[in-house]
Amino acid sequence: MGYKNVTVAGSGVLGYQIAFQTAFHGFNVTLYDINDEVLEKAKSKFDVLSEAFKNDLKATQEQLDATKLRLSYTSDLAEAVKDADLLVEAVPENPAIKTDFYNKLSKVAPEKTIFATNSSTLLPSQFADATGRPEKFVALHFANEIWKHNTGEVMKHARTSQKTFDDVLEFAKQIGMVALPIYKEQPGYIVNSLLVPLLNAAMNLWVNEVSDIETIDKTWMVATGAPIGPFGILDVVGITTAYNINKMEAEATQNPVKIKAVATLKEQFMDKGKLGISTGEGFYKYPNPAYKDKDFLK
Ligand code: NAD
């Protein structure tokens, strides 16, 4: 295979991480965004990311300097993809924006360019026609803080070619991901297909007053040996995301447990600014959450 030039489209929460991770592993990376200010900001965000790479990966200053030299920036789509072997799309999670993006991209990208979407909740088949090259289109899904939580879920849609699938799996490995093949479309990939039901079940137990937060987490941790329970995970994910997911489900199903979960999350957490680790408090208080206490599991 041998991809050399990679374009990342969208320099938001995930896009700039993907760009930096890819450049760190030796690829030439072009970062594309419709917003020039965002691209300008990405450069200073890379300084913060560099510190994380030093702390978490023991990256050296030389490696980080070389990484920055392999990155270039543009808000001109045709320019951004003119030499691209692979384009990783991380534009907003909005079907209309993504469709419009692929329509425009398909007109300017060279024939060789493989497209990969990082969408968390939308299926690649939804955009396959807009890409104009369904066989060269696949999902490549990263987790937030990709240098640490290095899952690379590579998911086919019905028309993805085997070569595209194999090459993107290989690319995921080359940029330091644990490459995870997913042979057919699955909403939520593997991680969220496992995680969302667990977090939902924990919420239901709590909202139904079956047990309390710490007991539920403790049960999971003692029984499975996991270092964190569902409510600890919810603090990492962020209460806002949990609230949004529960709200959508409550509206769709009118399930009274979900309606109660939404109200509880709003009154006890959102309205009080307790949004999880990011604000120092969610279900637990940080930086020393109770579940990390040596006596928690006793
Ligand atoms: P974000 O809103 O932080 O960033 C999106 C970026 O895209 C912005 O910088 C915006 O200026 C830019 N943009 C908007 N329209 C564009 C266009 N037409 N062309 C190019 N750039 C455009 O979003 P995000 O959280 O980084 O999410 C991006 C994608 O990654 C989504 O599909 C999301 O599902 C996925 N994802 C997000 C996370 C996460 O934790 N945030 C995790 C995994 C996957």
Side-chain angles (χ1 to χ4, degrees), residues 6-22 29-46 48-49 52 73-81 84 87-109 115-127 130-131 137-155 157 172 175 177-178 180 182 186-193 195-196 199 233-242 244-245 248 275-278:
V6 177
T7 300
V8 178
S11 179
V13 175
L14 257 278
Y16 92 100
Q17 295 178 23
I18 299 166
F20 197 78
Q21 178 81 19
T22 304
V29 177
T30 304
L31 187 52
Y32 163 77
D33 201 286
I34 41 165
N35 187 335
D36 278 309
E37 265 174 48
V38 171
L39 289 174
E40 210 37 58
K41 274 200 204 117
K43 295 178 194 166
S44 53
K45 288 202 295 187
F46 285 143
V48 179
L49 207 50
Y73 309 84
T74 179
S75 56
D76 177 331
L77 184 58
E79 177 66 24
V81 290
L87 175 134
V88 181
E89 172 269 306
V91 310
E93 191 72 344
N94 172 316
I97 294 178
K98 289 208 196 276
T99 304
D100 179 61
F101 171 76
Y102 284 116
N103 279 329
K104 289 182 176 140
L105 177 68
S106 66
K107 294 193 180 83
V108 294
F115 302 163
T117 180
N118 179 44
S119 176
S120 292
T121 61
L122 304 166
L123 292 172
S125 54
Q126 194 175 340
F127 308 106
T131 67
F137 179 49
V138 71
L140 170 54
H141 185 237
F142 297 96
N144 196 11
E145 306 202 324
I146 76 171
W147 67 98
K148 275 197 295 194
H149 306 300
N150 58 335
T151 49
E153 294 182 287
V154 180
M155 184 170 80
H157 67 94
I175 61 165
M177 298 295 114
V178 177
L180 304 163
I182 303 181
Q186 166 68 27
Y189 301 81
I190 294 174
V191 176
N192 285 330
S193 296
L195 191 56
V196 172
L199 301 183
I233 297 174
L234 279 164
D235 278 350
V236 178
V237 173
I239 307 293
T240 310
T241 304
N244 287 334
I245 294 173
M248 274 192 288
L275 303 181
I277 290 184
S278 62

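Both counts, for ligands and for their atoms, begin at 1 and track the order of listing. What you are looking at is a predicted structure, and each value in this text was computed from that prediction instead of being measured. This chain uses plain numbering: 1 for the first residue, then up along the sequence.
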Donor-acceptor pair, [X] side chain versus [Y] backbone, under 3.5 Å?
| X | Y | answer |
| --- | --- | --- |
| T7 | A80 | yes |
| Q17 | V13 | yes |
| T151 | E153 | no |
| N118 | L14 | no |
| N192 | L195 | no |

- [ ] Tell me, please: is A9 in heavy-atom contact with ligand 1, that is, under 4.0 Å?
- [x]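 It does not; every heavy atom stays at 4.0 Å or beyond.
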
- [ ] Could you tell me if any non-hydrogen atom of H141 lies under 4.0 Å from any atom of ligand 1?
- [x]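 Flag set, H141 near ligand 1.
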
Task: Per-atom contacts of ligand 1 with V38, taking only distances under 4.0 Å to non-hydrogen atoms - done: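 Counting from 1, the qualifying ligand atoms are 9 (O).
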
- [ ] Give the numbers and elements of all ligand 1 atoms closer than 4.0 Å to a heavy atom of N144.
- [x]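 Ligand 1 atoms under the 4.0 Å threshold to N144: 40 (O).
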
[X] vs [Y] side-chain heavy atoms within contact, under 4.5 Å:
| X | Y | value |
| --- | --- | --- |
| P124 | V138 | no |
| Q126 | H157 | no |
| I182 | V154 | no |

[X] N/O under 3.5 Å from ligand 1 N/O:
| X | result |
| --- | --- |
| K98 | yes |
| D33 | yes |
| E89 | no |
| V13 | yes |

Closest non-hydrogen protein atom to [atom], residue and atom name please, with distance?
| atom | value |
| --- | --- |
| atom 20 (C) of ligand 1 | Y32 CE2, 3.4 Å |
| atom 30 (O) of ligand 1 | N118 ND2, 2.9 Å |
| atom 29 (C) of ligand 1 | V91 O, 3.4 Å |
| atom 32 (O) of ligand 1 | E93 OE1, 2.5 Å |
| atom 14 (C) of ligand 1 | P92 CD, 3.2 Å |
| atom 18 (N) of ligand 1 | I34 CG2, 3.9 Å |
| atom 4 (O) of ligand 1 | G12 CA, 3.1 Å |
| atom 37 (C) of ligand 1 | L14 CG, 3.7 Å |

Open item on the list: In the complex you have, is atom 26 (O) of ligand 1 within reach of the protein, judged by whether a heavy-atom distance drops under 4.0 Å?
Closed with: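 Yes.
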
Open item on the list: Heavy-atom pairs closer than 4.0 Å: do any link ligand 1 to the side chain of F142, the backbone, both, or neither?
Closed with: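 It is the backbone that touches ligand 1; the side chain stays farther off.
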
Task: Ring centre gap for F127 and F115 strictly below 6.0 Å - done: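 Aromatic pair excluded; centres sit 6.0 Å or further apart.
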
Task: Plane angle bin for Y189 and H141 - parallel if under 30°, tilted between 30 and 60°, otherwise perpendicular - done: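 The rings of H141 and Y189 lie parallel, inter-plane angle below 30°.
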
TODO: Keeping to residues at least two apart or across chains, list the salt bridge (Lys or Arg N to Asp or Glu O under 4.0 Å) pairs with something in residues 97-108.
DONE: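 Matches after skipping sequence neighbours: E89-K98, E93-K98, D100-K104.
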
